[in-house]
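Some notes on the structure that comes next.
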2 protein chains.
Amino acid sequence: MAGVSDAVVSYTLNGRAPVAPATAERVREAIRTLGYRPNHTARALKSGSSGAIALIAPRGEDPAFTNPFFTEFAATAEDLARRRGFAFYMASYALDRETVVDRLQEFADRQVDGALIIPDDRRDRRSVAAIDAVGVPWVQVDTVDPIPGASTVGADLYRGGVDATTHLADHGHRRIGYVGHVGDEPRHRAWQDTCRRLGLDPGPALPARFTREGGYAAASRMVRAGDLPPALFAASDLVALGVLRAFHEAGVAVPDDVALVSFDGSWEAEYSWPALTSVRQPIEEMADAALTQLLAADSADSSEPTDPPDAADGLEASDGLAQRHRRERHSVFPGRLVLRASCGTH
Amino acid sequence: MAGVSDAVVSYTLNGRAPVAPATAERVREAIRTLGYRPNHTARALKSGSSGAIALIAPRGEDPAFTNPFFTEFAATAEDLARRRGFAFYMASYALDRETVVDRLQEFADRQVDGALIIPDDRRDRRSVAAIDAVGVPWVQVDTVDPIPGASTVGADLYRGGVDATTHLADHGHRRIGYVGHVGDEPRHRAWQDTCRRLGLDPGPALPARFTREGGYAAASRMVRAGDLPPALFAASDLVALGVLRAFHEAGVAVPDDVALVSFDGSWEAEYSWPALTSVRQPIEEMADAALTQLLAADSADSSEPTDPPDAADGLEASDGLAQRHRRERHSVFPGRLVLRASCGTH
DNA sequence: ATGAAAGCGCTAACAT
DNA sequence: ATGTTAGCGCTTTCAT
């Protein structure tokens, strides 16, 4: 219709070759009136890239994305990816029946340009090698510790734990408890270290899965044991919500009997009763960094390793390897304590 | 490696032509050892179908999928779609900045086989024609009323509203209020009709958007007006959560001062305080019906209209047109009242 | 039962 | 600045 070859249409659309302004206008005109849309499938077949980025998230045991933190992250990442000109699709996995690799393969078969991966709550020990084998650039978000050989992004859980515990201590509580993952978990260590450093009596530490049910079960145990600390740090909003329910049922008043601070700062924390004081996850920063790292890894695939990446955002893990392998980058961002009613100081 | 042409590999994989058992085995063997994966992009280019289904959901004004009902629906639909052998991807839209059609186009450019569309809260008046123009089979879920020319699935909101109101009336409340969309909204009409039918005094009807904030604002107004009915029907869990917060702040006890029943039955309703009695959405049935209708529309595209579809599930809208156009089908499923603490009868 | 060959809609050399 | 051509990895006639 514009009287040109298909190549020229491609040139006008992608700017990979010069096109006379007049021709370009004719082409665009034709595109408009014809309602032409480039077939991304064909484009992907030819170029190996589909202009899409995927997010792969865990679904937990429940038949839902029960964690508002994930949905907030997903929405934010989607927005940022689109702003960078990528389509953004999401799929989820239930660890019992399927794996991250299954989902990633599906996306790979459709030529996605990269994937953001959220690991499962349950310390999912996937091998970096298996994911790498799929051949799609990827970045793991919501990461606790750096993973050798992988590009990762996470919140500074340790520092968040220190902030939460310190806040409680600052307001006079001499005994502070903990609910959440225990052991090799930064928030747990942060609570321990802070109590020790401030010479506080560490209250009970109750192991709990990062779910509402986990928090409920743990707090119920606490109530039955009759050992209620005057202050409590819950390692996630979901856990805190479960704790709140158990306390309500037992007639334990928050914050009067027990002051509560949690972690995540999702919107659910705002509409609970009482509203939760919580360390807000740096969602936007993490999403942005993840995308940046993903896209950097992408371009690094084709070009020779030249300069180290401009270490812009986040506190780079000062890992000597980061220079050699662009993929091995770990960015960490601090959270921010949001004061609401549950800590009793607001 | 198997010593056969690429055509035979295709035959083995897709069964579109007979393959000798021995050859098939050699091919599969080669596929295994080579780790070969068919390129869905090429397949889609050739066949026009990528074996993927999309879900397009609204994101609301907040930077998140704030409605747990949607995330539950998404997870369920994803599961069911995979069981039927389709990959399932999800994308969302923020009505202020983008449209369903934008997202659908992106998916169409990548040859999805069909799309499930969740309309926006805000009575989003999209034209069926614009969506149809994209050329991808689609089904609208979470639909209030049938849409001429479209295939739709929804919950029986009217009946749910009747059940909720009746439950409150059954337990002695002679005056019942309402919070939610008003006017042309089945739950509102159901509340009105039921109050009238039972000779009850309809309490205040407060218009509210289907968000936590909407419920909070409406209930705050109610408190300020000093007109608290002994019982209240909130048209969604989100609204009820907002109501709960306003009541807590004002020292209004639920269910003692006001008995509350809501609609959706999402998990958030279970961990609020008090836990919400709610009409549970028939999520699984809706997701299954939506997929069935989508896939039926799909095959109807190619084949001549023959027999009417086996009207299996749901109460078919007895619309004479449904026979002529397979796409025009509206399935409605009843919800189920789940008793918890907020209604005070449990 | 299997192979040869064409073509899906693009992009990228390579001409001109 | 634009056209010609080849080819991305499949599926599908059409032969054999």
Side-chain angles (χ1 to χ4, degrees), chain A residues 1-31 34-52 85-87 105-113 134-136 298-299 301-303, chain B residues 1-31 34-52 85-87 105-113 134-136 298-299 301-303:
Chain A
M1 168 164 169
V4 296
S5 73
D6 48 357
V8 173
V9 178
S10 177
Y11 298 152
T12 6
L13 251 29
N14 307 320
R16 319 283 291 197
V19 179
T23 327
E25 194 37 62
R26 273 203 335 277
V27 170
R28 271 189 286 269
E29 173 68 22
I31 287 180
L34 261 35
Y36 164 84
R37 295 221 111 215
N39 181 327
H40 274 246
T41 283
R43 183 177 283 181
L45 179 58
K46 176 67 183 167
S47 64
S49 147
S50 72
F86 288 87
Q105 272 291 5
E106 286 184 1
F107 278 121
D109 294 344
R110 290 166 177 81
Q111 317 279 103
V112 293
D113 295 326
V134 176
V136 172
D298 219 355
S299 50
D301 278 355
S302 37
S303 61
Chain B
M1 169 166 168
V4 296
S5 72
D6 47 357
V8 173
V9 177
S10 177
Y11 298 152
T12 327
L13 252 30
N14 307 320
R16 318 283 292 195
V19 179
T23 326
E25 194 36 61
R26 276 205 329 280
V27 170
R28 270 189 286 269
E29 174 67 23
I31 287 181
L34 260 35
Y36 164 83
R37 294 221 110 215
N39 181 328
H40 275 245
T41 283
R43 182 178 283 183
L45 179 57
K46 178 65 185 168
S47 65
S49 148
S50 72
F86 289 87
Q105 272 292 4
E106 286 183 1
F107 278 121
D109 295 343
R110 290 165 178 83
Q111 316 280 103
V112 292
D113 295 325
V134 176
V136 173
D298 221 353
S299 50
D301 278 355
S302 37
S303 61

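Proteins get letters first, then strands, A, B, ... in listed order; numbering begins at 1 in each.
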Of all of residues 11-19 of chain A, which get a heavy atom below 4.0 angstrom from DNA chain C, listed by number?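 Under 4.0 Å from DNA chain C: A:Tyr11, A:Asn14, A:Arg16.
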
Determine the contact category for A:Ala20: base if any of its heavy atoms lies under 4.0 Å from a base atom, sugar-phosphate if only primed atoms, P, OP1 or OP2 are that close, otherwise nothing.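 Sugar-phosphate contact only.
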
At 4.0 Å (heavy atoms only), tell me whether A:Val9 reaches a base, stays on the sugar-phosphate, or touches nothing.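 Nothing: the residue A:Val9, judged by heavy atoms under 4.0 Å, touches no strand.
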
Which residues pass the side chain to side chain donor-acceptor pair (under 3.5 Å) test with B:Asp6, not counting sequence neighbours?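 Partners of B:Asp6 by the side chain to side chain donor-acceptor pair (under 3.5 Å) criterion come out as none, since no residue qualifies.
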
Pair B:Tyr11-B:Val4, side chain to side chain contact (heavy atoms under 4.5 Å, CB included): steps then yes or no: CA-CA 11 Å; B:Tyr11 298 152; B:Val4 296; over 6 Å; no

Heavy-atom side-chain proximity of A:Phe107 to A:Val136 below 4.5 angstrom: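 A side-chain contact under 4.5 Å is absent here.
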
Compare all side-chain heavy atoms of B:Arg37 with those of A:Gln105 and state whether any distance is below 4.5 angstrom.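 Counting from C-beta outward, B:Arg37 and A:Gln105 do come under 4.5 Å.
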
Would one find a side-chain N or O of A:Thr23 under 4.0 angstrom from OP1 or OP2 of D:dA1?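 Result: no.
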
Nearest 0.5 Å, what's the [atom1]-[atom2] distance between [X] and [Y]?
| X | Y | atom1 | atom2 | result |
| --- | --- | --- | --- | --- |
| A:Glu29 | A:Thr23 | CD | OG1 | 13.5 Å |
| A:Asp109 | B:Thr41 | CG | OG1 | 8.5 Å |
| B:Thr12 | B:Arg26 | OG1 | CZ | 9.5 Å |

Expected output: side-chain B:Ser50 to main-chain B:Ala44 donor-acceptor under 3.5 Å: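 The answer is no, because no donor-acceptor pair under 3.5 Å joins these two groups.
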
In residues 38-48 of chain B, what residues come within less than 4.0 Å of DNA chain D, judged by heavy atoms?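 Residues of residues 38-48 of chain B that come under 4.0 Å of DNA chain D are, in numerical order, B:Pro38, B:Asn39, B:Ala42, B:Arg43, B:Lys46.
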
Rounded to the nearest Å, what distance is computed from the [atom1] atom of residue [X] to the [atom2] atom of nucleotide [N]?
| X | N | atom1 | atom2 | result |
| --- | --- | --- | --- | --- |
| A:Arg37 | C:dC10 | CZ | P | 12 Å |
| A:Ile31 | C:dG9 | CD1 | P | 16 Å |
| A:Gln111 | D:dG9 | CD | P | 9 Å |
| B:Arg110 | C:dC8 | CZ | C1' | 18 Å |
| A:Asp6 | D:dT5 | CG | P | 12 Å |

Let me spell it out: for each of B:Ala7 and A:Ala7, pick the nucleotide of DNA chain D with the closest heavy atom. Which residue's pick is nearer the 5' end?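 In this pair, the answer is A:Ala7.
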
Distance-minimising heavy-atom pair for A:Asp113 and A:Ser49: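 Heavy atoms of A:Asp113 and A:Ser49 come nearest at OD1-OG, 3.0 Å.
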
Choosing from D:dT11, D:dT2, C:dT11, which nucleotide comes nearest the side chain of B:Ser10?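 The nucleotide sitting nearest to the side chain is D:dT11.
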
